Amino acid sequence: MEAADAAVWQGAVLGGIVIWLVTASLLDLTLKLRSFLQPWVSHHVEIGIPIILQIQNYHSCSMDAFFSGLSCVVSVPFYTGFLPLLFWSGHGKLARQMTLLIAFCDYFGNCIKDVVSAPRPPSPPVKRITATKDEEDNALEYGLPSSHTLNTVCLSGYLLHYVLNHTQIEGAYATTHIGLSLVVLLVTLIAFGRVYLGMHSVIDIIAGLLFGLGILAFWLSVDDYIDNFVISGQNVTSFWAGLSFLLLFAYPTPEIPTPSFEYHTCFNGVALGIVTGVQLTYHQFHTEFVPRLFTSDMKILVFAGRVLVGIPTILIVKFCSKALAKWTIPVVANTLGIPIKSSSYIPKLNPLVTGNKPKEGCFQRLLGSQDSFDVDTGIRFIQYTGLAWSVVDLVPTLFTYLSL
């Protein structure tokens, strides 16, 4: 009976996404929303330029370095490197929730960016400071909302909630106020820094803050249900795979292409890999009774050994997953008659390099105006799915064999 009920609600969720996808496409909802929201947001970006210029009057090299470094600490690449360490430190539930939450934030925030397609503050007159390659890529995205602000609100807020509710701390009242003060301080610094660096206008920051608070409130109400489903639900892997696949197609088309869809694809794959791996190995590696860092069960040297083994392993898996996907996806697509292209991963499938158009197949007549599918999306998705799976399944298995 439980399995039947699970199949019903899972089918309803996936069916609902399909209906939304078809309806949004037929009614052209993205363009209608953009035509309504973009002028309003763009106007507020323009009138916010004097505020940015006034803030940048206090420019100094030390402030440039401080806010650039702070932006890196709360960036998606930082979380990508930090979350595996959280899993390997024994804090499985926190790591699962943080991973799924940032995937949700990334999808939601980037969808809004590409629906509205509102510009960042123009440079010049605003001075845009991009100290890293990641910041240069971020500058290619649209502005509203500020992803750094949104992600910081959600992840720091959830971390505070988790610490207060899952650890035994003396003086809980004082700890709550200190923790809340630190979260507010971090969010304030990040928000101010994004304006100072010329990456966002005030309207982007306000939107990131409001959406972040809304997502955090929603997540705090469903996190236990999601975690229980991941570790002990029915049809978890098949449902999540279907969900991930549909979310790729449900993503809105921006006015011009940006890296936002690539970022979502990566974290969509990460979420699937984590869910799949945890579902398969929860009782072996991810229960609440596993050894944790800074306890008598796991010394710091053991954790260091885990890192030295784990990091190279997941990088090897990432490389192998990418190579496997680059070989299999074109073969499967050509077998099924699906027209394909590659923006960067496979030069011989890049029309700009070869000058060839994708061959017409039986699927092309079903695509209408869509000429071909970009296999880079599938390659990127499989690559990060494999990486995330190795973090929670393959690498912990190696820890067992190596007595780590």
Side-chain angles (χ1 to χ4, degrees), residues 33 37-38 40-56 63 66-76 78-79 97-98 100-121 126 128-129 135 138-139 141-164 176-223 260 263-264 267:
L33 286 172
L37 294 171
Q38 189 186 68
W40 185 85
V41 176
S42 299
H43 170 71
H44 282 78
V45 171
E46 287 292 328
I47 64 177
I49 292 175
I51 298 175
I52 303 174
L53 295 177
Q54 186 175 0
I55 291 174
Q56 291 188 332
M63 289 181 67
F66 174 75
F67 286 119
S68 295
L70 195 61
S71 294
C72 291
V73 170
V74 296
S75 64
V76 169
F78 171 80
Y79 291 125
Q97 288 297 314
M98 295 279 277
L100 297 179
L101 176 56
I102 192 174
F104 184 78
C105 290
D106 189 73
Y107 186 82
F108 187 86
N110 286 350
C111 277
I112 297 173
K113 281 180 185 288
D114 285 351
V115 166
V116 179
S117 293
R120 292 179 183 268
V126 172
R128 185 168 297 156
I129 303 169
E135 281 287 76
N138 288 337
E141 296 183 282
Y142 289 110
L144 184 140
S146 165
S147 296
H148 281 72
T149 305
L150 189 155
N151 292 341
T152 304
V153 168
C154 289
L155 295 175
S156 61
Y158 187 83
L159 179 61
L160 175 63
H161 163 79
Y162 185 89
V163 169
L164 294 177
T176 301
H177 283 75
I178 293 173
L180 185 60
S181 299
L182 291 175
V183 169
V184 171
L185 176 62
L186 177 62
V187 172
T188 302
L189 288 174
I190 291 298
F192 181 83
R194 300 312 285 169
V195 176
Y196 172 85
L197 295 172
M199 296 294 288
H200 285 287
S201 60
V202 175
I203 189 67
D204 302 337
I205 301 299
I206 294 173
L209 178 63
L210 294 177
F211 283 126
L213 290 172
I215 292 174
L216 178 60
F218 167 75
W219 199 263
L220 292 178
S221 67
V222 301
D223 61 332
S260 296
Y263 298 153
H264 147 65
F267 261 100

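What you see is a predicted model; the values in this text were computed from it and never measured.
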For M63 against Y196, the heavy-atom pair lying closest together:
CB-OH, 3.5 Å
Between Y158 and D223, is any side-chain donor less than 3.5 angstrom from a side-chain acceptor?
yes
SG-CG distance between C154 and D106, expressed to the nearest 0.5 angstrom
11.5 Å
Of V41, I205, L37, the residue whose pairing with L144 passes side chain to side chain contact (heavy atoms under 4.5 Å, CB included):
V41
Apply side-chain contact (heavy atoms from CB on, under 4.5 Å) to L33 and list each qualifying residue two or more places apart in sequence or on a separate chain.
V115
Contacts of type side-chain contact (heavy atoms from CB on, under 4.5 Å), residue S68, not counting sequence neighbours
I129, A131, L197
Residues at least two apart in sequence or cross-chain that pass ring pair (Phe, Tyr, Trp, His ring centres under 6.0 Å) with F192, listed by chain then number, are F67
Donor-acceptor pairs under 3.5 Å, side chain of residues 42-53 to any protein atom, not counting sequence neighbours: which ones?
residue	atom	partner	partner atom	Å
S42	OG	Q38	O	2.9
H44	ND1	W40	O	2.9

To the nearest 0.5 Å, tell me how far L150 CG sits from I102 CD1.
10.0 Å
Measuring from S260:OG to Y107:OH, what's the distance to the nearest 0.5 Å?
12.5 Å
Any chance you could measure M98, atom CE, to Y162, atom OH, to the nearest 0.5 Å?
10.5 Å
For residues 197-209, which residue pairs pass the side chain to side chain donor-acceptor pair (under 3.5 Å) check, not counting sequence neighbours?
R120-H200, H200-D204, S201-D204
Do any side-chain atoms of residues 206-221 form donor-acceptor pairs under 3.5 angstrom with protein atoms, and if so which ones, sequence neighbours left out?
residue	atom	partner	partner atom	Å
W219	NE1	Q97	OE1	2.8
S221	OG	F218	O	2.5

Using side-chain hydrogen bond (donor to acceptor under 3.5 Å, both in side chains) as the criterion, point out the one residue from S71, S146, S147 that pairs with R194.
S71
Nearest 0.5 Å, please: how far is CG in L186 from CD1 in I190?
5.0 Å
Drop me the distance from L180's CG to L160's CG, to the nearest 0.5 angstrom.
6.5 Å
